[in-house]
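Step one of this worksheet: look at the structure below.
The model shown is predicted, which means the values in this text are computed figures rather than measured ones. We name chains A, B, ... by the order of the sequence lines, and we start the count at 1 in each one.
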Amino acid sequence: MEIEKFYYDNKIVKYFAYATILWGVVGMLVGLIAALQLVIPSLSFDFSMTTFGRIRPLHTNAAIFAFVGNAIFMGVYHSLQRLSKARMFSDTLSMIHFWGWQAIIVAAALTLLLGYTSGKEYAELEWPIDIAITIIWVVFGWNMFETILKRRTSHIYVAIWFYIATFVTVAVLHIVNSLAVPVGFMKSYSLFAGVQDALVQWWYGHNAVAFFLTTPYLGLMYYYLPKAANRPIYSYKLSIIHFWALIFLYIWAGPHHLLYSSLPDWTQALGVTFSVMLIAPSWGGMLNGLLTLRGAWDKVREDPVLKFLVVAVTAYGLATFEGPMLSLKSVNALAHFTDWIIGHVHIGALGWNGFMTFGIIYWLIPKIFKTELFSKKLANIHFWLGTLGILIYAIPLYWGGVTQALMWKEFTPEGFLKYPNFLETVTQIIPMYHARAFGGALYLIGAIIMVYNVIKTVKAGSFVANEAVEAPARVQVESKRQKGEGYHRWLERKPIQFMAWALVAILIGGAVEVVPTYLIKSNIPTIESVKPYTPLELQGRDIYIREGCYVCHSQWVRPFRSETERYGEYSKAGEFVYDHPFQWGSRRTGPDLARIGVVTERNYKPDSWHYNHMADPQSVSPQSIMPAYPWLISNKLDNKTLTRKIEVMQYFGVPYPEGYGDNQALIDLEVQANKIANNLKNGGIETTSDKEIIALIAYLQRLGTDIYKK
Amino acid sequence: MKLVSHYLQQIEGIAIFPIISLIIFMSVFVLASWYALKMRKDQVQYMSNMPLEDDELDHQDINLLN
């Protein structure tokens with residue numbers, strides 16, 4: 001047999017490892033700032049770029065796409081070469097991938113802080129960046145597939161299946177959810193509206209969790225856990241069932257983010273069913289990981305790497321048990337919109353993703369630097385700080401979440417809301433926010449200790465950029481199935497066909513749920529009195545999106561008495577048909593705004609109240625934790641793209657009169673703005689009608705009012 | 001888009017989609033399980049040992065780029 005000598009590329013692994021560490025610390029730091037802002041609102045500094053509404057998307061994007069993203073690439077570039085017994089296909093593509101991804105991260109950070117956002121959670125980046133992501137993702141896929149194709153092993157290990165499924169699914173999700181029509185550089189409107197947009201968004205949102213935070217990490221688990229424990233995975237057979245069941249089930253689960261919304265019932269039911277079924281493959285995977293360590297638990301006591309990996313897999317088990325429970329309608333009715341969900345995702349993010357990443361870094365850095373880890377003791381301290389940090393982070397949020405939900409739902413014996421003032425339910429859980437910030441700080445300190453440990457390790461070692469390897473050349477087998485070769489066995493040596501089947505598996509779920517909702521008219525009953533936004537309201541809506549109001553305020557009243565009492569009539573599908581994008585939100589840090597404009601409802605506020613509240617929320621509600629938006633008071637409304645905005649809406653089928661954008665839109669805008677400015681004048685507030693705040697007030701006063709019109 | 005959606009709206013009994021999906025899932029699941037259970041022992045061993053094979057040559061570093 002011919003033995004070939006070749007070299008693994010460790011340089012790209014090192015680059016991605018450094019990027020993971022850097023962006024990890026940045027992402028966690030931004031998260032800590034966001035956590036502190038909820039306790040001390042003045043930490044938003046009355047400055048647009050540092051308000052919670054922009055900081056929070058920066059945190060989520062940094063944690064998911066910068067920290068976890070780079071960690072995925074670090075692990076894939078390292079393990080793929082070794083599992084394929086081949087160097088990466090192209091060093092140039094590797095470098096384009098690396099620098100391209102870092103450029104995207106920097107662009108994302110800047111634009112999010114500047115207020116450029118599509119207003120869709122975890123997909124906030126605007127269209128030029130979305131295109132860049134697509135290109136870089138294709139570069140990654142190309143490099144990966146060429147490497148798999150030139151491999152020296154006969155078959156493809158299960159870790160690589162997970163990488164393949166990740167690549168293809170993220171591509172589909174990203175492209176479909178980012179479909180939008182630009183109205184200018186860095187501003188676009190989602191192709192979908194209202195209920196359809198919500199469904200596409202949460203099909204994407206949930207599968208970002210599935211295929212960005214879970215499947216690539218399962219791939220990493222299937223490589224690094226056996227590697228660190230120095231024993232094969234407990235059951236390879238189980239991993240096969242795990243893989244197919246997981247990718248097939250996950251894709252359906254998205255609608256559990258929209259229970260009790262105006263999404264069609266059958267879609268909600270499907271989402272719940274598949275979410276509950278997900279326990280099986282998830283726990284299959286977790287047990288497969290943990291049982292790999294059977295008979296080796298003494299090693300876990302010694303080795304910080306294994307400690308991190310064990311807690312990571314355990315956290316995965318916890319989160320994937322909790323997820324299906326939260327998707328049961330009765331539990332969801334309580335937990336949705338509360339901090340319970342924030343606690344839940346952090347078990348996943350800090351425990352599963354964070355600890356898996358730390359474990360891999362502690363294992364990998366000494367390997368590629370040909371040395372020992374500088375300090376096991378520091379790694380152990382990191383481990384305990386991290387573990388405590390996770391607990392002190394999550395438990396208070398569970399407590400706070402349940403407390404707040406119960407307060408929202410409590411009635412007096414006379415049948416009135418016990419806590420009609422939303423703020424009461426917020427001040428009640430502030431101590432929990434203190435604890436959460438403390439837990440997050442511990443976790444961050446642990447990560448900083450890791451940075452020190454890694455720097456010391458790197459200094460002590462000598463880096464092997466190109467690692468020499470010898471392996472026999474692959475025996476060339478005919479592409480066709482061989483005699484006696486099972487179909488799946490054949491598939492395991494055909495990456496492209498494998499990808500095609502993975503694609504089929506994930507497309508079925510997406511198509512069955514999304515397509516009928518988009519195409520069947522009866523799924524979205526229209527309401528005649530629902531009319532398009534006026535030009536001023538449309539402008540106000542764009543300000544609402546820009547400031548990230550949806551981060552803290554939902555626009556979706558569920559059909560519960562506790563909600564209709566507090567907010568007004570429950571939301572109907574037909575009310576959102578002109579909402580490109582939808583703004584239903586997912587967390588009520590502040591009250592729901594779906595009916596804020598309805599004069600007869602409890603939460604209605606006059607124009608002057610909104611004006612003062614935006615300028616200085618604490619002057620209106622002293623205990624409020626909302627940041628101030630003084631720039632809305634002084635900024636002039638920019639109407640340069642108004643014509644284009646109207647045109648794009650018309651292109652979507654929003655029934656503005658023909659040619660409306662040319663002149664009439666601006667005239668109508670000014671008439672409405674003058675009216676609001678006069679209103680404010682009567683309330684004792686001197687301002688001019690060309691300010692951004694006027695548009696925002698117009699939008700808020702419109703919300704939820706259409707169904708009351710005759 | 002309207003052109004496409006117009007025809008797709010005409011699909012009769014689109015409500016049966018969810019049931020079809022369940023059947024497809026069950027078949028995929030059963031097939032995968034069946035395949036996994038009847039997998040040959042030597043294949044399983046070969047596959048599960050893949051991560052553990054190290055052929056690195058005494059960790060020597062030869063810089064290709066210079």
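If you take OG1 on A/T153 and CD on B/E53, they are separated by 9.0 Å, rounding to the nearest 0.5 Å. If you take CE on B/M50 and OH on A/Y222, they are separated by 15.5 Å, rounding to the nearest 0.5 Å. Between A/H488 atom NE2 and B/Q43 atom CD the span is 11.5 Å, to the nearest 0.5 Å.
With contacts defined as side-chain heavy-atom distances shorter than 4.5 Å, the pair A/K237/B/V44 qualifies. For the pair A/R489 and B/Y35, the minimum side-chain heavy-atom distance is below 4.5 Å.
Heavy atoms of A/L238 lying under 4.5 Å from chain B are absent altogether. For A/S154, the parts sitting under 4.5 Å from any heavy atom of chain B are the backbone and the side chain alike. Heavy atoms of A/I508 lying under 4.5 Å from chain B belong exclusively to its side chain. With a 4.5 Å cut-off on non-hydrogen atoms, A/N10 does not touch chain B at all.
Note: A/L249 leads A/N230, A/T273, A/V158, A/L249 in heavy-atom pairs under 4.5 Å with chain B. In terms of heavy-atom pairs under 4.5 angstrom with chain A, the leader among B/N49, B/L37, B/L52 is B/L52.
Counting heavy-atom neighbours within 6.0 Å of A/W501 CH2, excluding the residue itself, gives a total of 12 or less. Atom CZ of A/F369 sits in a crowded spot, with more than 12 heavy atoms from other residues, nucleotides or ligands closer than 6.0 Å. Counting heavy atoms of neighbouring residues, nucleotides and ligands inside a 6.0 Å radius, atom CD of A/E485 exceeds 12 of them. Other residues, nucleotides and ligands contribute over 12 non-hydrogen atoms within 6.0 Å of the NZ atom of B/K38.
Residue B/S48 comes nearest to A/P232 through the heavy atom pair O-CB, 3.4 Å, listed as atom of the first residue, atom of the second, then distance. Taking both residues in full, the closest heavy atoms of B/Y46 and A/H155 are given as OH-N, 4.0 Å, listed atom of the first, atom of the second, then distance.
Side-chain atoms of A/K227 come within 3.5 Å of backbone N or O of B/P51 as a donor-acceptor pair.
Residues passing the side-chain contact (heavy atoms from CB on, under 4.5 Å) test with A/I241 are B/F29, B/S33, B/A36, sequence neighbours excluded.
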